[in-house]
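Heads up, the thing below is written out as structure tokens.
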Amino acid sequence: MAYIGLLVAVPLVAGIALLFARSDEVRAPIVWGGAVATAVLSVALVLSFLGTPWVLFDFRSPWIDTLATLVGLAASGTVVYFGIKWKKPFAVALAVVQIACTLAFELLFAHGIEVRQGLYIDSLSLVMALVIGTIGSGICVYALGYMKDFQHHDDSGDDRRHHFFALMFIFLSAMFVIVFSNNLAWVFSGWEVTTVCSFLLIGYTRTQEAIDNSFRQIMMNMAGGIAFAVGLMLVAADFHTLSMADFIALGVEYPQIAAVPACAFAFAGLTKAAQMPFHTWLLGAMVAPTPTSALLHSSTMVKAGVFLLVKLAPIFFVCPAPSLMVIGVGGLTFLICSFMAISQSNAKRVLAYSTVANLGLIVACAGVGTAEAVWAAILLIVFHAAAKSLLFLCVGTAEHHIGSRDIEDMDLLFERMPRLARYMMIGIMCMFIAPFGMLIAKWAALVSFADTHQFALIMFLAFGSGATFLFWAKWLGKLSGIAAAQDNVEMDVHTSEWVAVNVMAAAALVSTILLPVFSFVFAEPYIVGVFGTLGQNIATDNLWVASILAAFSLVVFFARIKRTTQQKGEVYLSGVAIDGDARTFSDSLTREATASTRNMYLEEYFGEARWRPIGEAACAAVIVCCFLYGFVQFGLFA
């Protein structure tokens with residue numbers, strides 16, 4: 001239990017200290033110290049509790065209960081303040097409703113309910129602690145160099161990096177509260193802190209675009225926060241408990257009573273995980289500095305949403321209303337967002353759509369709720385966090401050095417930034433190529449869908465994975481193309497950026513090579529503890545084969561190739577060359593032409609204008625229908 005307290009306290013103290021660290025000389029040691037301490041503590045915690053199915057700690061405090069309520073009210077009050085300042089009345093109205101819900105819950109429902117075992121540890125929370133502590137901390141270190149360059153190019157001249165770094169570390173602290181709290185009121189407090197931190201980080205630059213996107217995020221997630229508060233009230237009223245463990249156990253035993261609160265929690269998880277029709281807040285977050293995007297996409301904000309849904313999977317398995325909501329929204333989001341990613345050339349938007357799509361697959365697995373599907377969901381969480389954080393950091397560094405985040409401007413990146421290009425290619429391959437972990441986890445998801453006769457999900461996964469192959473392959477092809485000599489522009493990349501990128505690359509590679517180990521020490525103990533069965537639907541021998549093949553692939557990819565003094569030849573342009581450097585040649589009609597390589601983006605078929613309205617309408621209809629079904633189920637059987 002001491003480890004949990006330290007994991008919450010260390011990033012929180014570092015965040016508070018960073019509020020007063022206005023110079024690089026003071027800021028850097030705090031960031032390095034806080035990040036290293038958080039990472040070491042998370043690894044130590046994981047090593048201490050490896051294989052733990054579920055351990056509850058007898059820990060309760062009225063002071064912490066009061067503090068959690070005050071923190072929730074302060075989060076909503078922050079939104080009221082900025083909503084009034086920036087003239088966003090709808091955001092203010094939502095914040096006022098949330099304040100009313102928080103007060104009603106505390107005064108009318110939570111009074112007299114005591115959660116004796118306020119903290120817990122299980123293998124799923126250990127997975128999340130490892131992701132938050134290592135990947136989240138690495139992103140904070142990366143931000144040291146990145147934000148220095150960002151500030152250098154900032155025309156406003158207002159240096160608010162101390163606020164930025166403080167919010168990053170407070171974000172990590174709130175995530176630890178979410179993943180280790182058995183008291184649902186404490187979970188709600190951490191939930192709201194992550195929402196407000198995300199809001200402030202997205203609006204960091206204070207441009208009109210950033211402000212608008214930050215308020216889009218806060219309004220969507222406050223709607224989810226209100227649903228979470230309503231769920232808390234229903235759990236307290238119907239089950240007379242605020243213990244997550246008790247609610248899951250009672251929900252499995254009395255699914256008809258749990259239908260409506262489970263739908264409310266599912267709705268909150270869908271908004272936090274940026275599922276359609278709420279995906280636009282995560283796309284809008286791309287206006288923020290790259291460390292914010294990486295933190296939201298890989299280790300914090302959206303992972304809180306899927307974490308809650310995976311925890312509730314046993315209830316989804318026996319309760320059809322929330323299960324259909326989560327399966328329907330997750331499956332449709334995976335399919336449609338994979339389609340829309342094909343039409344994007346902006347690298348950060350490709351990553352954003354890919355994130356939303358992969359989260360949709362994790363959400364769908366949670367909705368299925370079987371041991372096999374949850375096993376696949378846990379592995380998807382690990383592999384996605386590692387690979388996606390690596391890709392975001394690579395794109396951020398590349399943008400600062402080539403002046404663009406457009407994939408079409410990444411020609412010859414293998415020569416302009418050879419080390420970074422290799423890391424970026426590793427991240428892409430980890431996302432979609434066999435034998436890397438994401439594809440293995442997708443196969444496990446497919447098997448679980450087939451075993452439970454989820455034929456619609458099988459179709460969504462098949463066509464969505466086809467789209468995934470297309471947009472990743474296009475990007476990989478751009479990076480791997482080599483022609484003519486180019487100047488190396490990565491010599492002045494900051495040390496902190498290289499350290500973080502190396503950490504993310506190591507996480508992606510280790511998680512892939514140690515795939516069977518991750519299954520054995522993380523996924524399987526959780527599955528056995530919750531479902532009483534193993535749940536692994538891919539033979540261990542096959543996992544080891546994939547691991548060995550992945551290791552061999554990486555050795556080949558990073559092997560040193562002996563340098564020769566052989567002179568490079570001119571670029572062949574399929575005609576009479578005029579200027580090799582400019583890629584001009586004479587065509588068959590003796591006209592001067594320029595050779596160029598550009599991917600097809602098929603905007604007519606996969607553009608946002610075509611698919612976004614369909615996805616938003618379909619997912620909104622699923623949510624509304626499932627809520628109505630939940631109310632009917634509760635009314636018939638309560």
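- At least one donor-acceptor pair closer than 3.5 Å links the side chain of Thr271 to the backbone N or O of Ala268.
- Proximity of Thr355 to Leu282: side-chain heavy atoms (C-beta onward) are separated by under 4.5 Å at one or more points.
- The pair Asp122-Lys311 meets the salt-bridge criterion, with a side-chain N (NZ, NE, NH1 or NH2) lying under 4.0 Å from an Asp/Glu carboxylate O.
- Counting only distance, with no hydrogens or angles, the side chain of Tyr120 and the backbone of Val179 share a donor-acceptor pair below 3.5 Å.
- With sequence neighbours excluded, no residue satisfies side chain to side chain donor-acceptor pair (under 3.5 Å) with Thr280.
- A salt bridge links Lys88 with Asp212: the distance from a Lys NZ or Arg NE/NH1/NH2 to an Asp or Glu carboxylate oxygen falls below 4.0 Å.
- The closest donor-acceptor contact from the side chain of Thr195 to the backbone of Trp191 lies under 3.5 Å.
- Side-chain contact, Asn358 with Ser354: a donor N or O sits under 3.5 Å from an acceptor N or O.
- When atom types are taken as modelled, the side chain of Glu192 and the backbone of Gly190 share no donor-acceptor pair closer than 3.5 angstrom.
- Using a distance-only test at 3.5 Å, with no hydrogens or angles considered, no donor-acceptor pair links the side chain of Gln217 to the main chain of Trp281.
- For Met222 against Ala95, the heavy-atom pair with the smallest separation is CE-CA, 3.3 Å.
- Taking the six-membered ring for Trp, Phe460 and Phe334 have ring centres at least 6.0 Å apart.
- For Phe82 and Phe215, the distance between ring centers is not under 6.0 angstrom.
- The only option from Val302, Leu359, Leu308, Thr194 that meets the side-chain contact (heavy atoms from CB on, under 4.5 Å) definition with Lys272 turns out to be Thr194.
- The heavy-atom pair separating Leu380 from Cys365 by the smallest distance is CD1-SG, 4.4 Å.
- Centroid-to-centroid, the aromatic rings of Phe57 and Phe180 stay 6.0 Å apart or farther.
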